[in-house]
*Asks:* 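One structure is given below, represented as structure tokens, and several questions about it will come after.
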Amino acid sequence: HIDRAIFAELQEAAGADFVAELVDTFLEDAPALIAEMRGARAAADADRFRRAAHSLKSNGNTFGATALGAMARELELKGLAVDAASDTAAIAAIEAAYADAAAELKELSHG
């Protein structure tokens with residue numbers, strides 16, 4: 001779920017302790033971004049939906065959660081689907097990918 005080379009490069013560049021702090025912040029922020037996507041979908045707010053997807057994409061990619069980043073990128077670029085059920089399913093898949101990435105990030109950053 002995490003590209004170990006990307007994560008190692010980040011630790012080398014920023015330091016393991018600082019990266020652990022960044023991971024903790026990501027683990028706090030990502031669920032709020034996913035909730036923001038759900039709320040934006042419910043409100044049919046395309047701009048809010050794209051912004052949340054963009055932030056999740058960028059943050060995930062920073063830590064090597066490339067599958068999560070790719071899923072969020074797809075939603076960012078696509079925007080709101082005509083069929084709300086499609087977006088709801090995609091957000092659920094992102095949530096599952098986040099859970100997997102979060103578990104691995106906790107292990108990598110805190111041992």
Side-chain angles (χ1 to χ4, degrees):
H1 306 286
I2 302 299
D3 183 317
R4 303 276 175 129
I6 292 172
F7 191 81
E9 286 176 26
L10 180 62
Q11 283 185 312
E12 186 177 315
D17 290 340
F18 184 60
V19 170
E21 290 177 32
L22 292 175
V23 166
D24 289 343
T25 299
F26 173 66
L27 296 177
E28 291 173 15
D29 292 348
L33 291 170
I34 294 168
E36 182 73 9
M37 290 173 69
R38 277 200 177 93
R41 171 66 262 182
D45 186 336
D47 288 336
R48 202 169 106 206
F49 185 81
R50 282 190 192 104
R51 280 194 305 271
H54 173 81
S55 294
L56 189 60
K57 170 198 73 174
S58 298
N59 294 343
N61 286 337
T62 295
F63 296 106
T66 55
L68 174 64
M71 294 167 78
R73 181 180 187 271
E74 183 177 329
L75 288 181
E76 175 192 11
L77 294 176
K78 181 181 76 162
L80 292 177
V82 173
D83 174 20
S86 174
D87 287 337
T88 301
I91 294 168
I94 281 176
E95 191 166 38
Y98 164 74
D100 292 339
E104 193 169 342
L105 282 171
K106 285 178 191 175
E107 178 64 30
L108 288 171
S109 64
H110 296 292

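Here, residue 1 is the first one in the sequence, and each next residue gets the next number.
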*Asks:* Pair up each side-chain donor or acceptor in residues 60-71 with any protein partner under 3.5 Å, not counting sequence neighbours, and list the distances.
*Replies:*
from : atom 1 : to  : atom 2 : distance (Å)
N61  : ND2    : K57 : O      : 3.4
T62  : OG1    : S58 : O      : 2.9

*Asks:* Taking only distance into account, with no hydrogens and no angle test, what donor-acceptor pairs under 3.5 Å do side-chain atoms of residues 9-19 form with protein atoms, sequence neighbours excluded?
*Replies:*
none

*Asks:* With sequence neighbours left out, which residue pairs that include part of residues 101-111 fulfil the side chain to side chain donor-acceptor pair (under 3.5 Å) condition?
*Replies:*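 Checked against side chain to side chain donor-acceptor pair (under 3.5 Å) - neighbours excluded - the pairs reaching residues 101-111 are R4-E104, D24-H110.
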*Asks:* Can you tell me how far apart NE2 (H54) and CG (L77) are? Round to the nearest 0.5 Å.
*Replies:*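 Nearest 0.5 Å value for the NE2-CG distance: 10.5 Å.
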*Asks:* To the nearest 0.5 Å, tell me how far I91 CD1 sits from L75 CG.
*Replies:*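 Atom-to-atom, I91:CD1 and L75:CG are 6.5 Å apart.
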*Asks:* How far does CE of M37 sit from CG of D45, to the nearest 0.5 angstrom?
*Replies:*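 Here the interatomic distance stands at 12.5 Å.
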*Asks:* Name all residues meeting the side chain to side chain contact (heavy atoms under 4.5 Å, CB included) criterion together with A46; count only those two or more places apart in sequence or in a different chain, and write none if there are none.
*Replies:*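 In terms of side chain to side chain contact (heavy atoms under 4.5 Å, CB included), with neighbours along the sequence ignored, A46 is linked to R50, L80.
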*Asks:* Determine whether F26 and I6 fall in the same hydrophobic cluster, where Ile, Leu, Val, Met, Phe, Trp and Tyr are linked whenever their side-chain heavy atoms lie under 4.5 Å apart.
*Replies:*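 Shared cluster, no.
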*Asks:* Which pairs pass side chain to side chain donor-acceptor pair (under 3.5 Å) with one or both residues in residues 30-39, sequence neighbours excluded?
*Replies:*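 Every side chain to side chain donor-acceptor pair (under 3.5 Å) pair that includes a residue of residues 30-39, provided the two are not neighbours, is E36-R48, R38-E95.
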*Asks:* Applying salt bridge (Lys or Arg N to Asp or Glu O under 4.0 Å), can you list everything that pairs with R41, at least two apart in sequence or on another chain?
*Replies:*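 Salt bridge (Lys or Arg N to Asp or Glu O under 4.0 Å) list for R41, sorted by chain: D87.
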*Asks:* Looking only at heavy atoms, what is the nearest atom pair of A52 and L33, with distance?
*Replies:*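 Between these two residues, the closest heavy atoms are CB-O, 3.7 Å.
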*Asks:* Output the distance between atom CG (L27) and atom CG (L105), rounded to the nearest 0.5 Å.
*Replies:*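 One gets 6.0 Å once the value is rounded to the nearest 0.5 Å.
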